[in-house]
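Each residue takes its place number in the sequence, starting with 1.
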Amino acid sequence: MAERKVRKTAAKKPAAKTKRTGKQTVVSTEDFRIGELDQYLFGTGTHYDIYKKLGAHVATVNGKKGVYFAVWAPHAASVSVIGEFNEWKEDADLMQRLEPSGIYEKFIPDAKVGMLYKFYIRTRDGRSLYKADPFANSSEMRPGNASRIADITKIKWSDSAWIEARKQKNNDNLPVSIYEVHPGSWRKHAHGEDEDGFYNYRELAKSLTEYVKEMGYTHVELMGIAEHPFDGSWGYQVTGYYAPTSRYGTPEDFAYLVNYLHKNKIGVILDWVPAHFPRDAHGLAEFDGTCLYEYADPKKGEHAEWGTKVFDFGKNEVKNFLIANALYWIEHFHVDGLRVDAVASILYLDYGRQAGQWTPNIYGGNKNLEAIEFFKHLNSVVLGRNHGAMMIAEESTAWPKVTGKPEDDGLGFSQKWNMGWMNDFLEYMKLDPYFRKWNHNKMTFSMTYAYSEKYILVLSHDEVVHLKCSMINKMPGLYDDKFANLRAGYAFMMGHPGKKLLFMGQDFAQFQEWSEARELDWYLLGEEKHQQMQNYVKALLHLYRKTPALFDADQSPDGFEWVNVDDADRSIFSFIRHSENGKSNLLFVINFTPVARPDYRVGVPRRKQYKLILNSDAAEFGGSGKEQPLVYKAEKKECDGKTYSIAYDLPAYGVAIFKF
């Protein structure tokens with residue numbers, strides 16, 4: 001009965017009241033306040049534009065400019081807005097409570113854009129809490145943690161051509177090569193007035209775009225954009241889900257970065273963290289004195305290993321907070337996709353927990369049924385409203401149908417990080433070449449499940465921190481061998497079905513592990529081997545972008561063919577990539593040992609000419625520079641179970657890619 005009553009009342013919500021008096025428009029607060037329909041939709045978890053109502057929004061009431069504040073705090077005894085506009089006085093601007101939602105609202109005429117504020121919450125047990133605004137669009141620079149009034153309604157965009165083109169895209173059959181970037185450590189200014197040396201979003205736009213275009217990446221994936229208090233969390237412990245971090249500028253500056261990348265035909269993906277949030281006193285934890293955003297049951301509501309809180313996916317308002325946030329970044333800030341962090345930690349109730357430390361679901365199992373429903377809802381709405389956008393799952397287990405359709409009991413993501421491939425690949429690459437022949441299956445096993453999901457092959461930041469070594473230092477052997485090994489590894493990655501992601505610095509073989517505290521070791525490009533590695537990765541990326549065989553049949557078994565999957569003794573892999581229409585074909589031959597194989601014979605499918613289009617042994621890539629013929633005519637000599645074959649002088653750690 002209560003629901004019916006709310007529906008009926010909501011349907012009769014009055015229209016906005018305006019009255020013109022000369023040049024001045026008098027507007028009632030009804031235009032800005034939370035209405036009954038807003039409360040109803042928020043309570044059902046379907047108010048997808050709730051960020052336009054909750055938070056702080058510039059408004060004009062009866063000709064008086066100010067800011068309308070609204071916050072959800074249903075268990076608070078009282079809520080006030082405190083800030084620079086009222087000298088942080090706790091009793092100056094008491095907010096009005098709205099029923100039945102427990103949302104508090106207040107219009108403050110003296111508040112202006114740029115001013116800092118918080119919500120002062122008196123709990124029912126008498127405590128005083130000073131909370132940042134969960135829906136704030138801007139925040140104070142750390143170590144400060146207040147929210148800052150911003151007006152993001154006037155951002156100017158000029159990327160309409162990109163957005164329209166995106167609507168027509170199907171990323172399944174397009175090239176997607178992602179450059180993962182931590183903005184604060186990509187490049188830094190020499191220490192001056194700003195001891196952090198951060199590039200502003202606008203500075204980053206120009207330098208990052210130039211680099212990405214030159215290298216041939218299609219997308220950038222930005223880490224740590226949502227506001228977070230601690231640099232060392234890399235942005236994975238968020239306190240300001242609706243605020244681009246102030247480390248690099250204003251919301252307008254961030255929009256400039258996205259707009260600039262789009263005008264240069266570069267897609268933008270953000271890391272997004274719905275898995276957990278920190279305990280910081282100004283954040284979401286026990287927001288109104290109770291477990292509001294997190295599960296009240298500590299066996300569900302806390303990640304003891306990470307020291308963080310877990311969102312309560314059983315509450316409609318919490319799910320609404322997150323789904324609207326995903327839409328906020330994609331629709332308001334025009335980003336092209338979200339990489340959803342730590343999906344497995346959300347799906348499994350026993351993730352990171354010992355026996356007796358987790359609460360089973362109603363059927364006694366370890367699956368979080370509420371989280372499953374959340375992901376289906378999230379992806380259906382985001383991708384349904386934004387065709388061509390991407391929702392990418394970092395899911396580290398074999399959970400079925402992560403990229404399956406929700407109506408077929410899938411989670412609805414558009415892509416999934418291939419963590420299995422990454423682990424096997426790195427384990428193989430770290431081996432002394434002598435032992436690789438006994439681990440040949442580590443490089444072939446991934447093809448047994450390559451089409452079970454829509455995968456992205458990733459060599460991310462997680463693989464080059466915490467004593468895991470940089471990519472170049474994972475490689476066995478002496479100095480030159482390390483580079484040759486890495487060239488072979490990158491070629492295998494580029495030839496394997498799936499989209500691609502590479503973390504910054506690994507494309508020029510940075511020696512140090514990554515640290516958020518310092519910029520990349522760009523000085524290494526002054527050394528020949530590192531410049532040659534960058535040349536090589538650039539050549540692979542441009543080959544990938546222009547060759548349909550490498551991307552348009554990623555989801556089809558017809559797009560990949562082993563030539564010799566069993567040459568374990570020599571640790572050589574040969575395979576063919578076919579385009580969807582069969583007109584674009586590449587033959588890969590990759591040698592993972594330091595033993596040269598003169599006149600290596602490989603089977604080919606047709607009596608055609610095979611053109612050598614990439615040779616890792618070329619001098620420009622750091623190889624020996626030995627000249628090789630560019631065209632090879634297939635001979636009628638049986639090899640690898642095929643009637644025809646070609647012979648090639650395969651160098652130590654050599655990579656040869658032929659076009660036919």
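- The distance between the ring centers of Tyr179 and Tyr211 falls below 6.0 angstrom.
- Under the side chain to side chain contact (heavy atoms under 4.5 Å, CB included) rule, Arg339 has a single partner from Glu394, Met223, Gln415, which is Glu394.
- Using cut-offs of 30° and 60° for the angle between ring planes, the Tyr241 and Phe321 rings count as perpendicular.
- Within the cation-pi definition used here (under 6.0 Å to the ring centroid, within 45° of the axis), Arg187 does not qualify as a partner of Tyr199.
- Remark: Lys263 NZ is loosely packed, at most 12 non-hydrogen atoms of other residues, nucleotides or ligands lying under 6.0 Å away.
- Taking the charged nitrogens against the carboxylate oxygens, Glu164 and Lys167 do have a contact shorter than 4.0 Å, which makes a salt bridge.
- Between His496 and Phe492, the two ring planes are tilted [angle within 30° to 60°].
- Considering every non-hydrogen atom in both Phe277 and Val310, the closest pair reads CE2-C, 4.3 Å.
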task: Give the C-alpha distance, both sets of side-chain angles, the deciding distance and a yes or no for side-chain contact (heavy atoms from CB on, under 4.5 Å) between Thr209 and Lys213.
output: CA-CA 6 Å; Thr209 295; Lys213 286 181 72 174; 3.8 Å; yes
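- With salt bridges taken as basic N to acidic carboxylate O contacts below 4.0 Å, none links Asp409 and Lys401.
- With hydrogens and angles disregarded, a donor-acceptor distance shorter than 3.5 Å links the side chain of Asp336 to the backbone of Val268.
- Classification of Arg148 and Glu140 as a salt-bridged pair fails, no side-chain N sitting under 4.0 Å from a carboxylate O.
- Checking Asn585 against Lys659 by side-chain atom types alone, no donor-acceptor pair falls below 3.5 Å.
- Counting heavy-atom neighbours within 6.0 Å of Phe445 CZ, excluding the residue itself, gives a total of 12 or less.
- A salt bridge is defined here as a Lys NZ or Arg NE, NH1 or NH2 lying under 4.0 Å from an Asp or Glu carboxylate O, and Arg142 with Glu227 fails to meet this definition.
- Formation of a donor-acceptor pair under 3.5 Å by the Thr403 side chain with backbone atoms of Phe413 is not found in this model.
- Between Lys500 and Asp554 there is no salt bridge, since no side-chain N of the basic residue sits under 4.0 Å from a carboxylate O of the acidic one.
- For the residue pair Tyr68/Glu105, the side-chain donor-acceptor check at 3.5 Å is satisfied.
- Under the 4.0 Å criterion applied to side-chain N and carboxylate O atoms, Arg247 and Asp231 are assigned as salt-bridge partners.
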